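Note that the structure is predicted; figures quoted are calculated from it, not measured. Start at 1 with the first residue, then count along the sequence.
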Amino acid sequence: MARSRQHYSSQDASLSPTAGRSREWEGPSRWTEYLGPDMTSPMPSRTSRNASLDGQVQASGGSHKGLNMQWVVQLIEVADGLMAKMYRLNQILDYPDPVGHVFTEAFWKAGVFPNHPRICLLLSKKFPEHFSKLQLERVDKASLDALHDSAEVHLQSLEPWVQLLLDLMAFREQALRLILDLSSTVITLLPHQNSLILHAFMDLFCSFVRVNLFSEKMPRKMMLQTYNLLHTMSRNDRDFDYYHRLVQFIDSYDPPLKGLQEDLNFVSPRIGEVLEAVGPIIFLSTDTRKLRNEGFLSPYHPRYPDILTNSAHPMRAQDLANVTSYREWVLLGYLVCPDELLRVTSIDIALVVLKENLILPLFRDEYILLHEDYQLYVLPRILESKKMAKSGRTKQKEADLEYSVAKQVEKMISEVHEQALLSCDVIHRERRILLKQEIGRMVLFFTDQPSLLAPNIQMVFSALALAQCEVIWYFQHVGVASSKSKAGRMVSVDIDPNDPTIGFLLDGMDRLCCLVRKYIAAIRGYALSFLSSCAGRIRFLLGTPGMVALDLDSTLKGLFQRIVQHLENIPKPQGENISAITCDLSDFRKDWLLILMIVTSARSSINIRHLEKATVSTGKEGLLSEGNAAYNWSRCVDELESQLSKHGSLKRLYFYHQHLTAVFRNTMFGPEGRPQHCCAWLGVASSFPECASPIVPEEVTKIGRDAVLYVESLIESIMGGLEGLINILDSEGGFGALEIQLLPEQAAFYLNNASRVSIPSTKSPKVAAGFPLPGHESYPENNNSIKMLEAAMQRLTNLCSILNDMEPICVLNHVFVLREYMRECILVNFKRRLLAVLKTDNDLQRPSILESMIRRHMRIVHLAEQHISMDLTQGIREILLSEAFTGPVSSLHLFDKPAEQLTGSATEVVCNWYIENIVKDISGAGILFTPVHKCFKSTRPVGGYFAESVTDLRELQAFVRLFGGYGVDRLDRLMKEHTAALLNCIDTSLRSNRELLEAVAGSMHSGDRLEREACLKQIVDLDTVIGFCIEAGQALAFDHLLAEAAGAVLEEGAPLIYSLLSGVIKHIPEELPEKKEIRRLRGVANSSGLVADHDSEWARSILEEVGGANDDSWSLLPYLFATFMTSNIWNTTGFNVDTGGFNNNIHCLARCISSVIAGREYVRLEREHHRRRSFSNGRAGETFDPEIQSRVSAEASIKSAMQIFIKFSAGIVLDSWNEINRSHLVAKLIFLDQLCEISPFLPRSYLEPHVPYAILRSIYSQYYTNSPSIPLALLSSSPRHSPAVSVAHASPVSRHFRGDSTPQYSSNDSGFHKGSSSHSQEHPYDMDSGSLRSVDSKHRNVRRSGPLDYSSSRKVKFVEGSTSGSTGPSPLPRFAVSRSGPISYK
């Protein structure tokens, strides 16, 4: 029966362009290129449309009575190959419009056509006239000459596409012959009798129509005319061999629908029969209410819930799987066979399908506008029939009915376009909602009752097919513009890009497919059982009297016996070994198709009707029904995956992947989006490469690349949504709203406001509304916010769980593991968040607030981690480590790492901020160290906060907890580098002033005051050196605070290590020089605040590292420091009992003097020891133990140097005062007393001979007695004790020291700075309470006299401030009083 491809080609040699054509077109088979070696040999078909045939017929030798189904399968494949080539040509030519002769610039630059538009367009427009009649030389002589010169080149570029035209012509003739043969010989084409051959026939019919409709989008006329022109130029004015046949072919199909209607007129009645037969299934598929109420897609009967299997209408439910093909048959069938619309039932079928479609898909994403073509090519035929019927109404009774039907069809075609524009999206949206509900219930049911999946597998295929159709319809119609026939304008279809049902359908299809794959063994077992039982029924039917009476010929009898043998030889499923059974039923299907081809042919003596009559009288299913059922169930044994691919594959969505991405982004994280849907959206890409045609090899690469980009784009969106959910929870409106804690200054602000409100009904000031009170989330009006948080938490955990469990997405050789992407996303987002919250809009974030933010974010990460089978905590630790450690990563490991990438950007930012703004005070904020409160304060905000808000122990402890020991080390290292530079300035000053200092020292020892004063005046840049020393003292104070904070955190987090370290440090030997290990241990203890003399050890480590204090001039260091007492800086220095320091940080100078002198002596003694050991002959100390000798000598040297400093400093101080200049005296005496308090090597008894303690006690008594209104009252208590918004203090606005006048100072004790607060200049002394004002008026002009009398000849203004907190917008009052010291020297 089935002749070979070679025989078929030789039979049609007259049609083949290979006769007399160039050698490259010669070959044994025309279609080898389109079919490939796998299609010319026995092989299942690759097309999904004819998958029901399996292509099994291709290998069968057949009877002369049978149908040649091999040609059907092959020509369907050829049609796909032809359309793939035309699609590729359109891509190359930038989608031209040959009908309107619109060609872009890219069209001419594509290299297919010669870039001579005038000639080519003329040839196309004048088709079918021969170019010789067009006088082309008059049109464009230059282009024509250029064509002559390069004719051969252009000929070669056009030749493969002209070959495509020849293939189209040959395909038309062969397909038409085959369609005619099938139409005239097949006895029945009804779906319930002969569905397998019906689908093959209609697939060929539809492929034929689509190929010819698609060919109109290709510039056929220009291609043929241009090729023929070039051919004559290069072949001695001889036309192309097939030129005239191609002209006739193209002309007859211009437009294609005209030629199709003429060519297919002979099969029109058979098409009409088929379309009428499939009408009921189409009506059923459009009736969503009936589908729902009757339970066509439900595994249980809706009216009888106890009946689990849907036995009410299994055949019709199964036939729903083909409804997509049926709709396509209707659209194409009535378009090319318009006379069939005049059947009585056809109008309803056509109306239903036309009303829900606007386009007619041709191939991939190419389509034609459906209603426009119906009005242009179908309506005229209907009008013609109506006219003929009208003229014959008086003669025939049937003509009246024909006229009536034609009139109804005319009305339907005229009106259905408007209906479709309005209702098509509504119809499909309703259908999508139905499928969403039914598939959702189906998934739940089969998950709970998997044993019922196998009996209902055909219903699952129907649900998948319907969902597949709806999803593809949605994306096919996105962006479609259809022209209204009456208005003549384009109207875009209103497709909602935010439709969430798409995600539900994709997810439902994906889960159904997963269920089928999961229980594939059960389905195979059920199918094998059915086939085993079917064998007995078929053997029984073959033995009935009716079948015996038919007297089958040997061929049919042998085929039936083979069918029974195939079914009886099926292995019996036993126990759990179903999945191990390998059963190939392709031979069974091949034999059954041979039987069908014989009995459905009119040439056979035994046909389908005979078989039905012979077997249906038994009261059971007929023989053909049993065989068809066995055929279908056999595919569930060995071809279940291909069945699943046919009904559930969404590979065609590749051609709409950009719309796919847009809809995903609009719906995934919308109110109805579900995290679990992302699996299906991503999984679609796995099937994209299947769209590539083997005819066009470059498509595989392009489609694969696009599929990978699609997955990456979706993953980027998913991870963006994941970050968004985390950031929503991490925002101030998220978890931040649930853990609100007022800062101390905010709480004080509320208390002050509450105390000022005398009437309870009075509203609080607007400023108070800026801070939400803790617990506000419990108010009823905030209920929606809490629900939003709960929804975000639920969605985050669901998304994490789904991504964690998702299977890897495989696209060609790319594998995407979403769990890894999620881990990377969470960790990168954490790092980004860490760096983002380091700084506020103004400046550095408070460490305590930063710590709470990071901890809040980490809690969210840990919440997500509970649903992820990965260790995110380890990743968080790695990020914190990399942001805290500022060296190369390889320094953290013992082994070498190739990457020397520097890290620690977060630590670097914070540490640099502290150095620049606190230690160096580059912004001039008036940074002061307050010993009483152990923090730094400022006269104005440093960035967004006052200095005390970022430097007290609580904030530094938060810094230590955040950045750990590496952060502490980095900040310590930066301060050491800065301090080393400052100490280098001291070294420079010592070297440059060495002679003067030696002279000063000599005069001090000899008591020559005049010489001393003369030398002191010659020392240059004394104030500059003092400034450097004060800055070094600030660094010492800050590092001491940092060490204390580090120790507190260490004791809290690792108490055993802390106690071990504190115990060891007490017992380490005090020898000099120290061993390396002991030195490191002392350094660790010092950085944790466990060494008693932190400052000396720190200065000593700096001098050792930089090799400082190695010059003999350093022996003059006490004398240099003593000269500081002659500086003008003391003229503006005042002591504040509230802070325990001076107004210009001069108390930090005491820290510097004490630590540098001690550190220098330690370094000197170590060097001397090294020198002594190098010159010794190995003899140890003869008189003293080395350790005791070193410790005693070190302490003695330090005390000696400190005594020298105290002696000569006190002498300079007491010698320099007089009646004209005595303002500096009190500050200097207090300074010397503080130095004794700071230094462990300087007991107060050393100061007693020079400054009796009775004088100091008198000074302190005067200060502390008058503390509420003392002169030079500076910073008050720390923020934790007095968190007022604004208090006054006397810190210098500028660090520059000018003259002897005392400038006015102001401060804010609050750690929280609000930009809206301002200081009133008009009424600086106003207060709500009048008590201080009365004190002020009482004392403003009263002289303060201490125990010793003062002369009244000199009055110096001082600024006086109060320590009580302000409650209004203006600062506290400042009092200007005349300053009288507590003592007077006469």
Contact summary for [X] and [Y], nearest pair of heavy atoms:
X	Y	result
A1037	F936	CB-CZ, 4.1 Å
P931	F929	CD-O, 3.4 Å
I927	I918	CG2-O, 3.5 Å
V968	F959	N-CE2, 4.2 Å
S1115	P1118	O-CD, 3.6 Å
L953	E1044	CD1-OE2, 3.3 Å

Surrounding [atom1] of [X] (heavy atoms of other residues, nucleotides or ligands, distance under 6.0 Å), is the total greater than 12?
X	atom1	value
E1237	CD	no
K1207	NZ	no
E995	CD	no

Rounded distance (nearest 0.5 Å) linking atom [atom1] of [X] with atom [atom2] of [Y]:
X	Y	atom1	atom2	value
F1205	I1153	CZ	CD1	4.0 Å
I1259	Q1262	CD1	CD	10.0 Å
L990	L983	CG	CG	10.5 Å
C1148	F1142	SG	CZ	11.0 Å
I1146	T1133	CD1	OG1	5.0 Å
E1161	L1103	CD	CG	11.0 Å

Cut-off 3.5 Å, no hydrogens considered: what does the side-chain donor-acceptor table look like for residues 1120-1127, sequence neighbours left out?
| unit_1 | atom_1 | unit_2 | atom_2 | d |
| --- | --- | --- | --- | --- |
| T1123 | OG1 | L1120 | O | 2.4 |
| T1126 | OG1 | T1123 | O | 2.6 |
| S1127 | OG | D1023 | OD1 | 2.3 |
| S1127 | OG | I1129 | N | 3.1 |

> With sequence neighbours left out, what residues match H1040 under ring-ring contact (aromatic ring centres under 6.0 Å, His included)?
Replying inline: H1094
Checking [X] side chain against [Y] main chain: does a donor-acceptor pair fall under 3.5 Å?
X	Y	result
S1154	R1151	no
T988	N984	yes
S989	C985	no
D952	E955	yes
D972	S1087	no
S1155	C1152	yes
E1248	Y1253	yes
S1003	A999	yes

> Can you check side-chain hydrogen bond (donor to acceptor under 3.5 Å, both in side chains) on W1114 and D987, steps first, answer last?
Replying inline: CA-CA 7 Å; W1114 277 79; D987 181 75; 2.5 Å; yes
Quick one: do [X] and [Y] make a salt bridge, cutoff under 4.0 Å?
X	Y	answer
K920	E1031	no
K1017	E1013	no
D969	R973	no

>> Which residues pass the side chain to side chain contact (heavy atoms under 4.5 Å, CB included) test with S1096, not counting sequence neighbours?
In response: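 If we apply the side chain to side chain contact (heavy atoms under 4.5 Å, CB included) test to S1096, skipping adjacent residues, the hits are D1093, A1158, F1241.
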> Which class fits the ring pair F1231 and W1130: parallel under 30°, tilted 30 to 60°, perpendicular over 60°?
Replying inline: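 Ring orientation, 0 to 90° scale: perpendicular.
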> So, do C1015 and I1019 sit near enough that their side-chain heavy atoms are less than 4.5 Å apart?
Replying inline: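 No, every pair of side-chain atoms sits at 4.5 Å or beyond.
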> Under 6.0 Å between the ring centres of H1005 and F1208?
Replying inline: yes
> Can you list the steps and then say if R954 with S848 is a side-chain hydrogen bond (donor to acceptor under 3.5 Å, both in side chains)?
Replying inline: CA-CA 7 Å; R954 182 184 61 180; S848 58; 5.1 Å; no
